[in-house]
Amino acid sequence: MSRWDGIDEFVATAEAESFSQAARRLGLSTSGVSREVARLEERLQTRLLYRTTRRVSLTDAGRAFLARCRELIHDRDEALAAVGEEDGEVKGLLRMTCSSAYGERYVVPAVNSFALAHPKLSLHIELDDTVRDIVSEGFDLAIRFGRLTDSRLIAKRLASRTRRLCAAPAYLARTGAPRTIADLETHAGVLGAADTWPFREGEREIAFKPQGRFRCNSGQAVLDATLQGLGICQLPNFYVDPAIADGRLVPLLEDANPADEGVWAVYPHLRLLPAKVRLLVEHLERELG
């Protein structure tokens, strides 16, 4: 039995507040994670977690122990990474997350070319539109947009994106094109997850609340509905630029487009950034920028 046994399982469980989520993060069975934490508590002769049918939570002793264990794990992982990278090879597992559409269109192709250059690196990429807690869920890297607020993370700007207002020619033939933001009051909006559309007039930022009979939390679905002529949409440029270029969509109120948003690589604050993360971020900056 190693004195390390149960520590990774305890930290993962405490951060996820769930044995099952900790098991998914570690690639282990739920029963195995629960058993290792119980054995750790038995060795320490201290209860670290309160358990209910819905969740687990930290005892006072567990909270103090968690802080020390995080430091130990970071120091251990940094030491192992430093030794493992002395030969100049990028290897091991890298876990990252990104939004679905941007990830499929831009990030995954760039990551694939990086993987080809580093055959000893394994990749686990999760694409969804949820803002994941990459610290508690054990991700090495995430791609984020816009303003960033999590002080636990380091951010590096990779690229930028803008939002564009547009509609299909068939829709505009029926209704005419809006000439001002106020004109949008009389138009049908094709709505996504956001309740408002951002615009800018000079130095002034404006949040307009569109109305419409179509709403979907998928950007691709919003794009399709707009192409069908259901109304006006505002989407990130990577959705609409190809359709604007070939005439299937018409850009509107371009002078009022909001300021560009940053596309960021974010990763946990570590004293020594693993080479696999540092080199992938540099690769993404070249490919996406």
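Index from 1, following the sequence.
Between Gln234 and Pro258, the shortest heavy-atom distance links the atoms NE2-CD, 4.2 Å. Considering every non-hydrogen atom in both Thr226 and Gly231, the closest pair reads CG2-O, 3.5 Å. Heavy-atom minimum distance, Gly247 versus Pro169: O-CG, 3.6 Å. Minimum heavy-atom separation, Ala22 to Ala16: N-CB, 4.1 Å. For Cys166 against Pro251, the heavy-atom pair with the smallest separation is CB-CA, 4.1 Å.
Linking Ile, Leu, Val, Met, Phe, Trp and Tyr whenever their side-chain heavy atoms come within less than 4.5 Å puts Phe19 and Phe65 in one cluster. Tracing side-chain contacts under 4.5 Å through hydrophobic residues (I, L, V, M, F, W, Y), one reaches Leu66 starting from Trp4; they form part of the same cluster. Hydrophobic clustering of Ile, Leu, Val, Met, Phe, Trp and Tyr side chains at less than 4.5 Å, counting indirect connections, keeps Leu172 apart from Phe214. Following chains of ILVMFWY side-chain contacts shorter than 4.5 Å, one can reach Leu158 starting from Phe114, so the two form part of one hydrophobic cluster. Linking Ile, Leu, Val, Met, Phe, Trp and Tyr whenever their side-chain heavy atoms come within less than 4.5 Å leaves Tyr50 and Val33 in two separate clusters.
Arg63 and Glu15 are not joined by a salt bridge, as no carboxylate oxygen comes within less than 4.0 angstrom of a charged side-chain nitrogen. Taking 4.0 Å as the cut-off between side-chain N and carboxylate O, Glu42 and Arg39 do not count as a salt-bridged pair.
In this structure, the side chain of Glu41 engages the main chain of Leu49 through a donor-acceptor pair within 3.5 Å. A donor-acceptor pair under 3.5 Å is absent between the side-chain atoms of Arg215 and the main chain of Arg213, judged by distance alone. Here the side chain of Thr97 pairs a donor or acceptor atom with the backbone of Glu126 at under 3.5 angstrom. For His283 (side chain) and Ala110 (main-chain N/O), a donor-acceptor pair under 3.5 Å exists by modelled atom type. A donor-acceptor contact shorter than 3.5 Å is absent between the side chain of Thr130 and the backbone of Arg132. A donor-acceptor pair under 3.5 Å is absent between the side-chain atoms of Ser20 and the main chain of Thr30, judged by distance alone. With hydrogens and angles disregarded, no donor-acceptor distance shorter than 3.5 Å links the side chain of Ser99 to the backbone of Ala101. Under the 3.5 Å distance criterion, the side-chain polar atoms of Asp129 are matched with a main-chain donor or acceptor of Ser100.
Shown here is Glu282, whose CD atom has more than 12 heavy atoms of other residues, nucleotides or ligands within 6.0 Å. The environment of Asp255 atom CG is sparse: at most 12 non-hydrogen atoms of other residues, nucleotides or ligands sit within 6.0 angstrom. At most 12 heavy atoms of other shown residues, nucleotides or ligands fall within 6.0 angstrom of atom CZ in Arg68. Shown here is Glu254, whose CD atom has more than 12 heavy atoms of other residues, nucleotides or ligands within 6.0 Å.
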Note to self: Please evaluate residues Phe10 and Leu48 with respect to the criterion side chain to side chain contact (heavy atoms under 4.5 Å, CB included), reporting the C-alpha separation (whole Å), side-chain torsions for both, the decisive distance (0.1 Å), and the verdict.
What the structure shows: CA-CA 8 Å; Phe10 163 68; Leu48 301 173; 3.7 Å; yes

Next item on the list: Please lay out, stage by stage, how Ile181 and Glu201 fare under the test side chain to side chain contact (heavy atoms under 4.5 Å, CB included).
Entry: CA-CA 10 Å; Ile181 297 171; Glu201 286 186 343; 3.6 Å; yes

Notebook entry, point to check: Under the side chain to side chain contact (heavy atoms under 4.5 Å, CB included) criterion, do Leu121 and Leu123 qualify, and how do the steps go?
Noted result: CA-CA 7 Å; Leu121 178 68; Leu123 292 158; 4.0 Å; yes

Notebook entry, point to check: Yes or no on side chain to side chain contact (heavy atoms under 4.5 Å, CB included) for Glu36 and Asp5, after CA distance, side-chain angles and deciding distance?
Noted result: CA-CA 7 Å; Glu36 287 300 323; Asp5 287 351; 3.9 Å; yes

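Here the straight-line distance linking atom CD1 of Ile232 with atom CG of Asp183 works out to 9.5 Å at 0.5 Å rounding. If you take OG1 on Thr180 and CG on Leu253, they are separated by 7.0 Å, rounding to the nearest 0.5 Å. Rounding to the nearest 0.5 Å gives a distance of 13.0 Å between CZ of Arg24 and OG of Ser29. Note: Ser122 OG to Leu93 CG = 6.0 Å, rounded to the nearest 0.5 Å. Separation of atoms CD1 (Ile206) and CZ (Arg200) is listed at 11.0 Å; rounding is to 0.5 Å. Between Leu284 atom CG and Tyr106 atom OH the span is 14.0 Å, to the nearest 0.5 Å.
For the pair Arg105 and Tyr239, the cation sits on the ring face: its NZ or CZ lies under 6.0 Å from the ring centre, inside 45° of the axis. With Trp264 as the aromatic partner, Arg157 meets the cation-pi criteria of under 6.0 angstrom to the ring centre and within 45 degrees of the ring axis.
Contact of the Arg144 side chain with the Ile134 side chain is registered, since non-hydrogen atoms from C-beta on lie closer than 4.5 Å. Side-chain contact between Leu26 and Glu9 is present, with heavy atoms from C-beta onward closer than 4.5 Å. Between Arg163 and Asn257 there is no side-chain heavy-atom pair separated by less than 4.5 Å.
For Phe139 and His124, the ring centers sit 6.0 Å or farther from each other.
With sequence neighbours left out, Asp140 forms a side-chain contact (heavy atoms from CB on, under 4.5 Å) with Leu94, Arg95, Lys276, Val277.
Taking the six-membered ring where the residue is Trp, Phe238 and Tyr102 present perpendicular rings, their angle passing 60° and hence far from 30°.
Residue Arg164 is tested with Asp241, Leu235, Leu252 for a side chain to side chain contact (heavy atoms under 4.5 Å, CB included); the sole match is Asp241. Cys98 pairs in a side chain to side chain contact (heavy atoms under 4.5 Å, CB included) with only one of the listed residues (Ile125, Val107, Val263), which is Val107. A side chain to side chain contact (heavy atoms under 4.5 Å, CB included) with Arg248 is found for exactly one of Val240, Leu227, Leu223, namely Leu227.
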Show me the donor-acceptor pairs, under 3.5 Å and distance only, between side chains in residues 188-199 and residues at least two apart or in other chains.
none

